[in-house]
Amino acid sequence: MPFQKTIKSEIALSGVGIHTGKRINIKLIPAQRDTGIIFYRTDKGLQIKAKLPFVIDTSFATTIGIDGVKVRTVEHLLATLYVFGITNLIIEIDGSEIPVMDGSAQDFVKLIMKTGIAKQGKTIPILKITKPCIYEESRSRIVARPHKGFRITYKIFYEHPLILAQSLSIEINEQNFLKEIAPARTFGFLKDIQYLLQNGFARGGSLENALVLDEKGVVGGKLRFKDEFVRHKILDAIGDLSLLGYPVQGHFIIEKGGHTAHINFLKHLVESDCYELEEEPYFNFYLSVQTI
């Protein structure tokens, strides 16, 4: 059966929020079974659950909140927790945004692998896609299909010579995530910087924590993958899908998506009859996660 998991010991880290520009300290603290993933704003004395009903904004990041208190840019950390199968964790944070680190999930991966993962003596259901679920909005289209595992096919198009059309279909398991998805960094366009700053975004963005593109290519850096852009979109999608609160079994085909489309699709999915909660052995990638 799929066991709940937490980390073996506390993790502390700090960094800059890509949108707020403020230095933020967080602690990842082991939690008892059935706790779930909970963000605790130490400066506000308030807990926010990492679940779909608590998503309050999807502008340039996924933001969760309650009673006027929020935590921005949760998707990279949540994606990492999801792939490691971590279901119970308290995340203490003294500000309103998860540190962006280098713009990818690599730092979160390294810290969790170092501390180790602990299995807990209780199982968790799998959310299994049982029939096709289709969602469309504006230019975005998302389809979930039954699949014996967890697969994402992502397609993007940007009118930029370095991107244009990119697509990738990948089975999401621990090995593939660590090697193919976690290192992919967030990206933005130089032409949009002024607009973002004027509207309260990207105040902590830099060439050290994001891929910045001018009209021809990447400013002051090199790509980690030729198709790093679509890989980062998959990273974001994993984090957003984790807000369902369960391990997922299905194939998700996303065309020209983003945080808003991801979250709206999830709202559509949970109101549909296209899934069931099923307790059964972990599908392959959970079997591959070793207790360290």
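A side chain to side chain contact (heavy atoms under 4.5 Å, CB included) with H232 is found for one member of I156, D227, T186, L211 and no other, namely T186. Of the residues listed (D34, T123, T35), the one engaging Q4 in a side chain to side chain donor-acceptor pair (under 3.5 Å) is D34, and it is the only one. Exactly one of L28, I26, L89 qualifies for a side chain to side chain contact (heavy atoms under 4.5 Å, CB included) with I11. That residue is L28.
Residues H268 and I134 are not in side-chain contact: their nearest non-hydrogen atoms beyond the backbone lie 4.5 Å or more apart. At least one side-chain heavy atom of I129 sits less than 4.5 Å from a side-chain heavy atom of F252. Two residues are said to be in side-chain contact when any heavy atoms from C-beta on lie closer than 4.5 Å; L213 and I163 meet this criterion. Between T6 and Q120, some side-chain heavy-atom pair lies under the 4.5 Å cut-off. Counting heavy atoms from C-beta outward, L168 and K155 have side chains that stay 4.5 Å or more apart. Within the 4.5 Å cutoff, the side chain of I112 has heavy atoms near those of the I86 side chain. Contact check for H259 versus V55: no side-chain heavy atoms found under the 4.5 Å cut-off. You'll find the side chain of F108 stays beyond 4.5 Å of the side chain of L78, heavy atoms only.
Atom CZ of R151 is surrounded by more than 12 heavy atoms from other residues, nucleotides or ligands within 6.0 Å.
One hydrophobic cluster, built from ILVMFWY side chains closer than 4.5 Å, cannot hold both F189 and F157; they sit in different ones. In the hydrophobic cluster analysis, where Ile, Leu, Val, Met, Phe, Trp and Tyr join through side-chain heavy atoms closer than 4.5 angstrom, I181 is grouped apart from F225. Both F39 and L241 belong to a common hydrophobic cluster when Ile, Leu, Val, Met, Phe, Trp and Tyr are linked at side-chain heavy-atom distances under 4.5 angstrom. Under the 4.5 Å side-chain contact rule for hydrophobic residues, V109 and V74 share a cluster. L244 and F265 end up in the same hydrophobic cluster when Ile, Leu, Val, Met, Phe, Trp and Tyr side chains are linked at under 4.5 Å.
Here the closest heavy-atom approach between residue Y154 and residue G258 is recorded as OH-N, 3.4 Å. In this structure, R224 and S104 approach most closely via the heavy-atom pair NH1-OG, 3.6 Å. When all heavy atoms of A184 and R231 are compared, the pair lying nearest together is CB-CB, 3.7 Å. Residues D43 and I93 approach most closely at OD1-O, 3.9 Å, considering heavy atoms. Between S167 and V230 the shortest heavy-atom distance is CA-CG2, 4.2 Å. Between S140 and G257, the shortest heavy-atom distance links the atoms OG-CA, 4.0 Å.
Membership of an apolar cluster is not assigned to I56, as no side-chain contact below 4.5 Å to another ILVMFWY residue is traced. With side-chain heavy atoms closer than 4.5 Å counting as contact, directly or through intermediates, the hydrophobic cluster containing Y40 also holds I29, I38, I90.
The distance between the ring centers of F177 and F150 does not fall below 6.0 angstrom. When ring centroids are compared, F187 and Y158 come within the 6.0 Å threshold.
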Test log, rule side-chain contact (heavy atoms from CB on, under 4.5 Å), inputs I238 and I234: CA-CA 6 Å; I238 297 169; I234 292 175; 4.1 Å; yes

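At a threshold of 4.0 Å, the pair D214-K216 does not count as salt-bridged, since none of the basic side-chain nitrogens sits closer than that to a carboxylate oxygen.
Separating the NZ atom in K27 from the OG1 atom in T42 is a distance of 9.0 Å, to the nearest 0.5 Å. To the nearest 0.5 Å, atoms NZ (K22) and OG (S96) are separated by 6.0 Å. Taking CD1 of I263 as the start and CG of L52 as the end, the distance is 6.0 Å to the nearest 0.5 Å. Within the model, atoms CD of Q249 and OH of Y275 stand 15.0 Å from one another, a figure rounded to the nearest 0.5 Å. Taking CZ of R41 as the start and CG of D94 as the end, the distance is 8.5 Å to the nearest 0.5 Å. Atom CG of N209 sits about 8.0 Å away from atom CG of D102, to the nearest 0.5 Å.
Checking T153 against H251 by side-chain atom types alone, a donor-acceptor pair falls below 3.5 Å. Q32 and N88 form no side-chain donor-acceptor contact under 3.5 Å, judged by distance and modelled atom types alone. There is a side-chain donor-acceptor pair under 3.5 Å between T73 and E97.
Applying the salt bridge (Lys or Arg N to Asp or Glu O under 4.0 Å) test to residues at least two apart or on different chains, none of the pairs has a partner in residues 46-73.
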